[in-house]
Protein chains: 2
Amino acid sequence: MEASEAGRGTGGSGTAGQVWLRTPARAGRAAPPLTRERIVEEAVALLDAEGADRLTMRRLAERLGTGSTTLYWHVKTKDDVLDLALDAIFAEVEIPPEGGQGWRAGITALINGWRAVLLRHPWSAALLSRPMLGPNVLARSEFLYATLLEAGVTGPGLTAAAYGLSNYVIGSGLMQATWPTGAEREVRRAAREYLHANRERYPVLAAHGPLVADDDWETGFALGLTWILDGIEAGIARADERGPMSAGR
Amino acid sequence: MEASEAGRGTGGSGTAGQVWLRTPARAGRAAPPLTRERIVEEAVALLDAEGADRLTMRRLAERLGTGSTTLYWHVKTKDDVLDLALDAIFAEVEIPPEGGQGWRAGITALINGWRAVLLRHPWSAALLSRPMLGPNVLARSEFLYATLLEAGVTGPGLTAAAYGLSNYVIGSGLMQATWPTGAEREVRRAAREYLHANRERYPVLAAHGPLVADDDWETGFALGLTWILDGIEAGIARADERGPMSAGR
DNA sequence: ACCTGAACACCGTTCAAGT
DNA sequence: ACCTGAACACCGTTCAAGT
């Protein structure tokens with residue numbers, strides 16, 4: 001019964017296992033042949049090319065022309081590599097310009113960009129099960145919160161709105177990125193056949209089944225996003241009725 | 001460059017790697033000492049106790065009093081064990097009674113039950129990155145689709161509504177199950193400190209940060225769910241205006 | 001400051017062999 | 001039909017040693 005040591009490695013200079021909360025320790029001088037950046041960059045390339053469970057310290061090192069143990073000078077664990085790779089792709093999500101086209105447009109743009117990145121790097125959806133605290137993620141969260149706040153979303157509605165939006169993208173991205181496409185299209189066909197064969201037990205699924213065509217993902221996502229935004233907007237309207245200054249409750 | 005063989009194991013009797021789509025091959029006679037059910041049950045227990053990355057064929061076998069290689073008689077791969085375990089916990093999600101209290105109440109009950117299960121077995125959230133085709137999952141999807149259909153949701157709105165709801169629970173569950181709690185509470189504190197220390201870069205986050213108290217999860221989830229349901233309901237209302245029989249478009 | 005090699009304690013899975 | 005043991009080809013990570 002050695003189940004008590006659930007917490008991960010207890011880390012070096014920082015308080016906890018997360019990369020982001022640890023102090024950098026060294027500020028790289030002149031760019032050395034092997035840098036943390038190059039490792040992360042190559043990790044993303046490897047993940048894009050072969051998926052999450054083919055990422056190995058040994059294989060990653062090979063692509064970089066080093067031994068696997070060398071990586072551990074620049075990086076503490078494999079989990080660090082994953083955290084860093086996950087944050088790196090968030091840099092691809094464009095942050096909409098400031099005084100733009102109103103809050104709905106800004107948030108819609110951010111969420112759509114976010115979703116696009118998740119689909120461009122399908123492995124990322126599965127990695128989202130680790131707390132996202134990297135600088136690129138935080139910068140985009142900052143925009144989300146600031147825009148909502150500026151739109152008039154206050155108090156508990158603020159976190160609800162932010163979480164609602166985030167959860168929705170994450171869930172959607174996870175489901176779509178995960179769902180068999182391309183090479184695994186055969187699984188999809190087999191699933192449809194399976195549902196059809198068992199249509200007595202699952203009549204509605206067999207008829208209107210969840211194995212939709214590719215286009216439906218887009219419209220479905222957009223529709224759900226609209227619903228959430230409408231809900232947020234209605235909340236703002238109600239708050240305004242009670243007087244624009246009554247932020248408290 | 002051996003990156004071409006992306007597809008998983010190409011399976012035995014069925015078409016693809018998924019457990020569900022394969023034919024059972026043997027119908028267990030009198031219950032043997034080691035059954036597929038016992039394996040799955042023990043796997044869930046192990047996952048609950050120690051989390052996903054501590055589940056090992058060897059450790060699982062040890063808990064069952066066998067050698068690890070014996071498991072492969074009852075199960076094809078470790079992924080099968082995970083798929084089966086994931087479906088098993090879905091049996092805990094109660095399917096609301098048929099002619100109940102209206103569609104909103106029914107769906108709300110299902111979604112809340114679903115969420116409760118995800119939080120009771122936090123490892124499950126991370127496993128959701130595999131297509132869910134097990135019988136327990138399908139039975140609940142069937143209820144969801146049937147209820148929506150009965151409520152008057154039609155055409156593309158149906159898949160949008162079903163996916164919107166599913167994605168929302170999954171995203172929420174993933175985020176909350178993932179977010180450091182309990183033993184890893186220290187990470188949370190460190191994160192808050194980190195945000196505070198960098199409050200010049202993340203002013204809004206530092207002030208209204210995403211590191212909420214536990215209660216906020218509940219209210220936030222309920223609020224977002226209401227928004228989505230409102231959106232679905234509004235869609236039904238619009239469809240009814242155009243005449244109750246105009247399902248088509 | 002950075003890189004290397006050997007080594008440790010594991011993995012998932014196969015397969016011939018037993019009963 | 002079910003279980004076992006030995007074996008293969010891997011893992012992540014540590015650490016003394018090199019430059």
Side-chain angles (χ1 to χ4, degrees), chain A residues 2-3 5 7-13 17 19 24-39 42-43 46-47 50-85 127 130, chain B residues 2-3 5 7-13 17 19 24-39 42-43 46-47 50-85 127 130:
Chain A
E2 23 147 24
E5 23 145 39
R8 301 258 176 148
T10 32
S13 38
V19 219
R26 319 154 298 99
R29 280 275 142 256
L34 186 59
T35 63
R36 202 176 164 116
E37 287 73 36
R38 273 194 65 215
I39 293 176
E42 198 62 41
L46 179 49
L47 287 164
E50 313 191 23
D53 48 33
R54 305 261 307 178
L55 173 66
T56 280
M57 294 303 267
R58 283 174 161 93
R59 303 187 77 231
L60 178 57
E62 194 186 10
R63 284 174 77 123
L64 288 162
T66 11
S68 67
T69 65
T70 308
L71 299 179
Y72 287 89
W73 176 260
H74 303 270
V75 131
K76 199 144 186 282
T77 64
K78 182 188 176 181
D79 274 356
D80 274 20
V81 177
L82 293 176
D83 282 337
L84 291 163
L127 290 192
R130 37 189 57 249
Chain B
E2 24 150 23
E5 24 146 38
R8 301 257 177 152
T10 31
S13 37
V19 218
R26 317 154 298 101
R29 281 271 144 258
L34 187 61
T35 64
R36 204 178 165 113
E37 287 73 35
R38 273 194 66 216
I39 293 176
E42 198 62 41
L46 178 50
L47 286 163
E50 313 191 24
D53 47 33
R54 304 263 303 178
L55 174 66
T56 279
M57 294 304 265
R58 284 173 161 92
R59 304 187 78 232
L60 179 57
E62 195 186 10
R63 282 174 77 127
L64 289 162
T66 11
S68 68
T69 64
T70 309
L71 299 180
Y72 287 88
W73 176 260
H74 303 270
V75 132
K76 198 143 187 282
T77 65
K78 182 186 176 182
D79 274 355
D80 273 20
V81 177
L82 293 176
D83 282 337
L84 292 164
L127 290 193
R130 38 189 54 250

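Remember, predicted model here, so these are calculated numbers, not experimental data. Chain A is the first sequence line, chain B the second, and so forth, proteins listed ahead of strands; every chain is numbered from 1.
In this structure, the nucleotide among D:dT13, C:dC11, C:dC3 sitting nearest to the side chain of B:R59 is C:dC11.
Here the straight-line distance linking atom CD1 of B:I39 with atom CG of B:L71 works out to 5.0 Å at 0.5 Å rounding. Annotation: the span from B:R63 atom CZ to B:R38 atom CZ amounts to 11.5 Å, rounded to 0.5 Å. Once rounded to the nearest 0.5 Å, the distance linking CG of A:L46 with CG of A:L55 reads 5.0 Å. Distance check, rounded to the nearest 0.5 Å: CE of B:M57 to OG1 of B:T66 gives 10.0 Å.
When rounded to the nearest whole Å, the span between CD1 of A:I39 and C1' of C:dC3 equals 12 Å. The nearest whole Å value for the distance from the CG atom in B:L64 to the P atom in D:dT4 is 11 Å. Following rounding to the nearest Å, B:R54 (CZ) and D:dG12 (P) show an atom-to-atom distance of 17 Å. Atom C1' of nucleotide C:dC2 and atom CG of A:L71 are separated by 13 Å, given to the nearest angstrom. In this structure, CE of A:M57 is placed 16 Å from C1' of C:dC11, rounded to the nearest angstrom. One interatomic measurement links the two molecules: OH of B:Y72 to P of C:dT14, which rounds to 7 Å at whole-angstrom precision. For the pair A:K78 NZ and C:dC10 P, the computed distance is 18 Å after rounding to whole Å. Between A:L34 atom CG and C:dC2 atom P the separation is 10 Å, expressed in whole Å.
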| Does the side chain to side chain contact (heavy atoms under 4.5 Å, CB included) test come out yes or no for A:K76 and A:V19, once each step is laid out? | CA-CA 8 Å; A:K76 199 144 186 282; A:V19 219; over 6 Å; no
| task | Determine, stepwise, if the pair B:E50 / B:R59 fulfils side chain to side chain contact (heavy atoms under 4.5 Å, CB included). | result | CA-CA 11 Å; B:E50 313 191 24; B:R59 304 187 78 232; 2.9 Å; yes
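Under 4.0 angstrom from either OP1 or OP2 of D:dC11 there lies at least one side-chain N or O belonging to A:T56. Contact between the side-chain N/O atoms of B:W73 and the OP1/OP2 oxygens of D:dC3 is not found at any separation under 4.0 Å. Checking the phosphate oxygens (OP1, OP2) of D:dC3, a side-chain nitrogen or oxygen of B:H74 falls inside 4.0 Å. Considering only side-chain N and O atoms, A:T66 lies nowhere under 4.0 angstrom from the phosphate OP1 or OP2 of C:dC3. Of the side-chain N and O atoms in A:T69, none sit less than 4.0 angstrom from OP1 or OP2 of C:dT4.
Paired runs in DNA chain D that reach 3 or more consecutive Watson-Crick or G-U pairs, where each pair keeps both distances under 3.5 Å, cover C:4-8 with D:12-16, C:12-16 with D:4-8.
In terms of position on DNA chain C, the residue among A:R58 and B:L55 whose nearest nucleotide sits closer to the 5' end is A:R58.
Checked by atom type and distance alone, the side chain of A:T77 pairs as donor or acceptor with a backbone atom of A:D79 at under 3.5 Å.
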